[in-house]
Protein chains: 2
Amino acid sequence: MVIPSEHTQKAWAALFRAHTLAHEAIEAELKKAGLPNLSWYDVLWELEQTSECGLRAFELQPKLLLPQYGMSRLINRMEAQGLIAKHDCPEDGRGVALSITDQGRKTRLKMWAVYGPAMQKALGEKLSENEMVQLATMLKKLT
Amino acid sequence: MVIPSEHTQKAWAALFRAHTLAHEAIEAELKKAGLPNLSWYDVLWELEQTSECGLRAFELQPKLLLPQYGMSRLINRMEAQGLIAKHDCPEDGRGVALSITDQGRKTRLKMWAVYGPAMQKALGEKLSENEMVQLATMLKKLT
DNA sequence: TGCATTTAGATGCAACTGCATCTACCTTCA
DNA sequence: TGAAGGTAGATGCAGTTGCATCTAAATGCA
């Protein structure tokens, strides 16, 4: 049996805590402001980055790391709130093409006004720019 | 409005992905082996580290980063499976003292036989020992 | 072409989570 | 001592997630 080193165990524990605490802190601020959570933000962001023809649900999935049914339901909730729109997909009769609505764009901006500062407080203030680059470099090697 | 730097944003995205992917990979292996998930492991671990008088529920909470009601329910499920035992608390009539059972100890060992290698595969193999120390150092500064 | 396989997405059901609130006990302090 | 306030933990309810499975459309291939 291959046992991870002491340092690996410590790093894993630290990874867990750092992510969980930052995530909770940021989502708490969004909730306090009556705004949706980070998954919603990510969907809005990805759709806003995309040219008007929209994204397919299955293209969004790997970006958000959500399971297929999770994506399906998230999309339905966001559509019900009018933040995104579903269109029939011309090149694939099974598919759904997604686009962001004007209201979705507005919501993303409102979210960023809370998300940005919360991210800065949870992460930005805690490390120098140099350390931040190092951290990102290590983390990317993990994926 | 304070906007986080480009590097902070990248680090946050990398933190999210690294944690989510490692967590999913590890839990997938546990599930494949028919074993409980990481929260259960953490409870078993903490109780095993403690002298026989046991831990209180509220002492476990900050270690696991679970909300109070989450802890309460997790404990009930684990007790129902016979992995831990609840005792009345002599020094506080409201409280519950928790201890691990023999079966709990056995289960923790079985879990570690899967968890350890999974952690090694998801993290240990991806960074040198030196990098691992650096990573842990940065992550600890975040909390 | 036509049947078998694969892929996109939806959904019924059971388990889990979050919120608010509740009960029971403990602590403080007039 | 006893009323007011605080703390430990449980729980009803509504919303969410995970699993398995379903439908419908696309693809592969004999």
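So that the names make sense, note that chain A is the first sequence line, chain B the second, and so on, each numbered from 1. In this text, all values refer to a predicted model and were calculated from it rather than measured experimentally. Atoms considered below: every heavy atom in the structure, side chains included; atoms not considered: hydrogens, waters and symmetry mates.
- Within residues 56-74 of chain B, the residues having any heavy atom under 4.0 Å from DNA chain C are, by residue number, B:Pro67, B:Tyr69, B:Arg73.
- Between its two ends, the helix from C:dT1-D:dA30 to C:dA30-D:dT1 turns its axis by 20°, counting five pairs per end and rounding to 10 degrees.
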Contacts table for residues 112-119 of chain B: side-chain donor-acceptor under 3.5 angstrom, sequence neighbours left out:
residue  : atom : partner : partner atom : Å
B:Tyr115 : OH   : A:Trp12 : NE1          : 2.7

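- Ring planes of A:Phe16 and B:His23: tilted class, angle from 30 to 60°.
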Distance-only criterion, 3.5 Å: show the donor-acceptor pairs between side-chain atoms of residues 88-100 of chain A and protein atoms not counting sequence neighbours.
residue : atom : partner : partner atom : Å
A:Asp92 : OD1  : A:Arg94 : N            : 3.0
A:Asp92 : OD1  : A:Arg94 : NE           : 3.1
A:Asp92 : OD2  : A:Arg94 : NH2          : 2.9
A:Ser99 : OG   : A:His87 : NE2          : 2.7

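- For DNA chain C, the residues of residues 83-98 of chain A within the heavy-atom distance limit of 4.0 Å (strictly under) are A:Lys86, A:Arg94, A:Gly95, A:Val96, sorted by number.
- DNA chain C lies under 4.0 Å from no heavy atom of any residue of residues 34-49 of chain A.
- Nucleotide D:dG9 holds its P atom 12 Å from the CG atom of B:Asn76, rounded to whole Å.
- In this structure, the side chains of B:Glu59 and B:Arg56 come closer than 4.5 Å at one or more pairs of heavy atoms.
- Atom-to-atom, CZ of B:Arg77 to P of D:dT11 comes out at 13 Å; the value is rounded to the nearest Å.
- Under the 4.5 Å side-chain criterion, counting only non-hydrogen atoms from C-beta, B:Leu60 is not in contact with B:Leu74.
- Applying the ring pair (Phe, Tyr, Trp, His ring centres under 6.0 Å) test to pairs two or more places apart or on separate chains, none has a residue in residues 45-76 of chain A.
- Checked against side-chain hydrogen bond (donor to acceptor under 3.5 Å, both in side chains), A:His7 has the following partners two or more places apart in sequence or in another chain: B:Glu129.
- Applying the side-chain hydrogen bond (donor to acceptor under 3.5 Å, both in side chains) rule to B:Lys31 yields no partners; only residues at least two apart in sequence or on another chain are considered.
- A sub-4.0 Å separation between OP1 or OP2 of D:dC19 and a side-chain N or O of B:Lys31 is present.
- Pairs engaging residues 133-143 of chain B under the side chain to side chain donor-acceptor pair (under 3.5 Å) rule: A:Glu131-B:Lys141 [sequence neighbours left out].
- Atoms CD (B:Glu27) and C1' (D:dC19) sit 15 Å apart, rounded to a whole Å.
- Think of B:Leu65 as one node in a network of Ile, Leu, Val, Met, Phe, Trp and Tyr side chains linked at under 4.5 Å; its network also takes in A:Leu21.
- Legend: residues meeting side-chain hydrogen bond (donor to acceptor under 3.5 Å, both in side chains) with A:Lys86, ordered by chain and number and at least two apart, are A:Asn76.
- The shortest distance between side-chain heavy atoms of A:Gln9 and A:Ile3 falls below 4.5 Å.
- For A:Thr8 (side chain) and A:Pro4 (main-chain N/O), no donor-acceptor pair under 3.5 Å exists by modelled atom type.
- As a whole-Å value, the separation of B:Leu30 CG from D:dG18 P is 16 Å.
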